[in-house]
Amino acid sequence: MVDIVAFGAHPDDLEFGMGGALVRMVREGLSVTEVVLTRGEGGTYGDPETRAREQQHAADVIGCGLRFLDFRDGEVEVTKEGVMQIVNVIRELRPQICFAPFDRNPYTHRDGSAHPDHVACGELVKKACRLAKFSKYRAPEPPHLVQNLFFYMVPKGFLPTFVIDFTDYYDDWVKAISAHESQIDNLRNGYLRSYLEAYKILHGSCIDRKYGDGFYSAEPLDVNPRTLLTPHR
Ligand SMILES: [Zn+2]
């Protein structure tokens, strides 16, 4: 049983999309497991062995668990079998919260920041979270209710529903994204670092902090009033 399971379609999605928040969660005592659907074998740079090794390095930096599933890069689709795989993982790990790539992020021809696999991964996890609680849904593990499902952006998105400040953990976030050596200085014509940093600053600025990861909640949040007592800065 873990507090949080964070799903990504490819190695690097989680660190680029919400790595700072993951570092903060672990440093503050939450148990986190990353579940990566593919080994990034369809990526322009790196081979699957390298990318799996880089993902393990990133998970070690963050201090979380890591599991790979056997979806194929570029072919992540919402199928009955795929949903069952995700349901099984959820029922086995039994998280309170799941994170997934935003399931409606537009992916367009020129803008490489969103990938169809990210959207499919978000849809798969959303569907699996819904089905995992049904006792008669045909998966072997006992049913499990996920309390919350939140979406992260990889990294492009829109005005977030909430932001997790990771300013104090910025250095570890840089180490985590740098673990993806085959990707970090090659993608987006070599300017991925500054591109990611710009989004983290943008999301941080939404809550008057330097760096943040932005998230989207598709439904209203059940908020403890104490969490609304944001300290004055
Ligand atoms: Zn990706």
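First listed ligand is number 1; within each ligand, the first listed atom is number 1.
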Q. Does NZ or CZ of Arg24 lie under 6.0 Å from the centre of the six-membered ring of Tyr169, at an angle within 45° of the ring axis?
A.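 No, Arg24 does not sit over the ring of Tyr169.
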
Q. Got a sec: does the CZ of Arg27 have more than 12 other heavy atoms crowding it under 6.0 Å?
A.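 Result for CZ/Arg27: enclosed.
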
Q | Heavy-atom neighbours of Asp222 CG exceed 12 at 6.0 Å | A |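 It does not: Asp222 CG has 12 such atoms or fewer within range.
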
Q.
Within 2.8 Å of the Zn ion (ligand 1), is there any N, O or S atom belonging to Asp13?
A.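 Given the 2.8 Å cut-off, Asp13 counts as a ligand of the Zn ion (ligand 1).
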
Q: Answer yes or no as to whether an N/O/S atom of His115 is found below 2.8 Å from the Zn ion (ligand 1).
A: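 For His115, the answer is no, given that no N, O or S atom comes within less than 2.8 Å of the Zn ion (ligand 1).
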
Q. Name of the His10 N, O or S atom nearest the Zn ion (ligand 1)?
A.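 Looking only at N, O and S atoms of His10, the one nearest the Zn ion (ligand 1) is named ND1.
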
Q. Quick one: does Asp73's side chain get under 4.5 Å of Arg39's, heavy atoms only?
A.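 No, side chains not in contact.
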
